[in-house]
Amino acid sequence: MPWPSRKRDKGAVADKKEPDAKIAKTEEETSDKEEDEKSAKPPAGSSKSGWKNWKKKESESGGEESKITYCHWLLKSEPESRLEKGVDVKFSVDDLKAQPNQTTCWDGVRNYQARNFLRSMKLGQQAFFYHSNCKEPGIVAIVKIVKEAYPDHTQFDQKDPHYDSTSRKENPKWSMVDVQFVRMTKRFIPLSEIKTHHLAHKADGGPLKDMMLFTRQRLSIQPLTQEEFDFVLSLEEEKPH
DNA sequence: GCCAACGTTGGC
DNA sequence: GCCAACGTTGGC
């Protein structure tokens with residue numbers, strides 16, 4: 001499931017050693033191959049125009065399948081307290097700003113499609129910070145990727161709500177990135193308003209017609225096209241709806 | 001708190 | 001490999 005990301009208040013960030021995730025053992029190496037393939041591509045029905053800014057990435061292992069590289073993202077996080085296995089999973093933009101360097105690791109993602117998107121994130125790319133499962137869902141801030149995917153240590157922590165007993169240290173299933181606060185959006189951009197545009201654009205072919213917030217509603221890590229990102233960003237200059 | 005959407009699991 | 005049961009997400 002697309003877990004909302006959870007960050008502990010550790011300020012747990014990048015400089016710690018990655019475990020020996022590199023030494024892939026043999027038994028499990030194929031365990032997530034099929035999931036790798038099935039996600040990380042545009043929805044079947046999407047028009048090419050919607051994805052035109054996505055660049056192809058050559059596969060290093062001999063071109064069996066070209067994958068798409070995305071440029072912008074939307075990250076969901078829950079700003080209101082909620083217990084999961086006894087642990088509060090709340091993480092609002094204020095919590096992010098309170099971290100050292102206003103940076104956090106985006107741990108707890110336990111959905112293969114979301115994981116694959118995490119793994120395709122590149123340093124410096126920007127993402128919307130989205131508040132979900134709360135009174136006023138919507139976009140509150142912009143963050144950027146400051147460390148590319150590396151193993152999510154919480155999968156090995158039995159006390160973590162997202163512990164995964166099936167994941168091996170030699171071949172971790174789950175990844176995370178580090179993200180840093182960039183700025184608040186000039187105003188809160190509510191889901192309802194984005195949805196209004198999405199519905200209009202479905203009729204008139206506008207930039208939000210295929211936005212994953214609505215076509216893949218439960219995905220916690222979502223790519224945005226340049227057009228989608230730019231359009232949503234343009235909303236911050238406008239009167240609230 | 002309700003419940004629709006939808007991903008995962010497991011029986012067959 | 002199908003698909004019903006189940007569990008979670010997340011808007012409302």
Side-chain angles (χ1 to χ4, degrees), chain A residues 1-7 28 30-46 73-96 106-120 127-141 143 152 154-155 157-168 171-176 185 187-202 208-224 228 232 235 240-241:
Chain A
M1 12 294 8
W3 296 101
S5 48
R6 187 132 317 57
K7 290 90 260 299
E28 290 237 328
T30 61
S31 62
D32 48 4
K33 158 166 36 134
E34 68 282 11
E35 297 88 348
D36 282 337
E37 303 309 316
K38 70 173 48 159
S39 27
K41 42 178 78 162
S46 63
W73 309 95
L74 181 146
L75 309 179
K76 296 182 183 177
S77 192
E78 300 190 32
E80 296 175 4
S81 285
R82 184 172 66 83
L83 293 188
E84 217 173 272
K85 299 182 179 160
V87 178
D88 192 353
V89 298
K90 163 188 186 302
F91 193 78
S92 68
V93 69
D94 288 335
D95 295 320
L96 172 63
W106 207 265
D107 62 310
V109 172
R110 297 293 183 269
N111 167 283
Y112 285 112
Q113 187 173 21
R115 180 202 69 180
N116 293 343
F117 285 139
L118 277 179
R119 289 181 175 178
S120 67
F128 290 127
F129 190 103
Y130 176 92
H131 279 172
S132 70
N133 202 15
C134 58
K135 276 300 159 45
E136 295 196 294
I139 292 167
V140 294
V143 300
D152 177 349
T154 66
Q155 68 197 297
D157 178 0
Q158 298 203 24
K159 274 140 304 195
D160 191 277
H162 306 306
Y163 171 65
D164 183 353
S165 64
T166 70
S167 184
R168 310 297 176 87
N171 186 18
K173 279 188 182 173
W174 306 111
S175 300
M176 62 186 180
T185 49
R187 66 176 177 89
F188 173 68
I189 303 174
L191 172 65
S192 58
E193 186 177 330
I194 304 170
K195 187 179 201 169
T196 298
H197 289 291
H198 165 68
L199 291 173
H201 290 183
K202 276 210 299 186
L208 299 193
K209 66 182 189 314
D210 296 321
M211 193 174 183
M212 280 206 196
L213 248 194
F214 310 101
T215 63
R216 295 286 156 85
Q217 64 176 207
R218 291 175 49 181
L219 195 58
S220 65
I221 306 281
Q222 309 187 354
L224 283 79
E228 288 167 343
V232 172
L235 296 177
H241 268 220

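Fair warning: this is a prediction, and the values are worked out from it, not measured in the lab. Convention: sequence-line order gives letters A, B, ...; per-chain numbering from 1.
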S165(A) meets the side chain to side chain donor-acceptor pair (under 3.5 Å) criterion, sequence neighbours left out, with none
[X] [atom1] to [N] [atom2]: how many Å, rounded?
X       : N       : atom1 : atom2 : answer
I221(A) : dG10(C) : CD1   : P     : 10 Å
L219(A) : dT8(B)  : CG    : P     : 10 Å
I194(A) : dC12(C) : CD1   : P     : 11 Å
E84(A)  : dG10(C) : CD    : P     : 11 Å
N133(A) : dG1(B)  : CG    : P     : 14 Å
R110(A) : dT8(B)  : CZ    : P     : 13 Å
R216(A) : dA5(B)  : CZ    : C1'   : 13 Å
I139(A) : dG11(C) : CD1   : P     : 12 Å

Closer than 4.0 Å, any side-chain N/O of [X] to the OP1 or OP2 of [N]?
X       : N       : answer
Y130(A) : dT9(C)  : no
K195(A) : dC12(C) : yes
K76(A)  : dG10(C) : yes

Whether the side chain of R110(A) engages the backbone of H162(A) through a donor-acceptor N/O pair (distance < 3.5 Å, no angle test) should be reported.
yes
Going by the rule salt bridge (charged side-chain N to carboxylate O under 4.0 Å, His left out), which residues pair with D157(A) if we only count those two or more places apart in sequence or in a different chain?
none
Is any side-chain N of the basic residue among R82(A) and E84(A) closer than 4.0 Å to the acidic one's carboxylate O?
yes
Among [options], which nucleotide sits nearest the side chain of [X]?
X       : options                  : result
Y112(A) : dT9(C), dA5(B), dT8(B)   : dT8(B)
L191(A) : dG11(C), dG10(C), dT9(C) : dG11(C)
Q217(A) : dT9(C), dG10(C), dA5(B)  : dA5(B)
N111(A) : dG7(B), dC12(C), dA5(B)  : dG7(B)

Can you confirm if the aromatic rings of W174(A) and Y112(A) lie within a centre distance of less than 6.0 Å?
yes
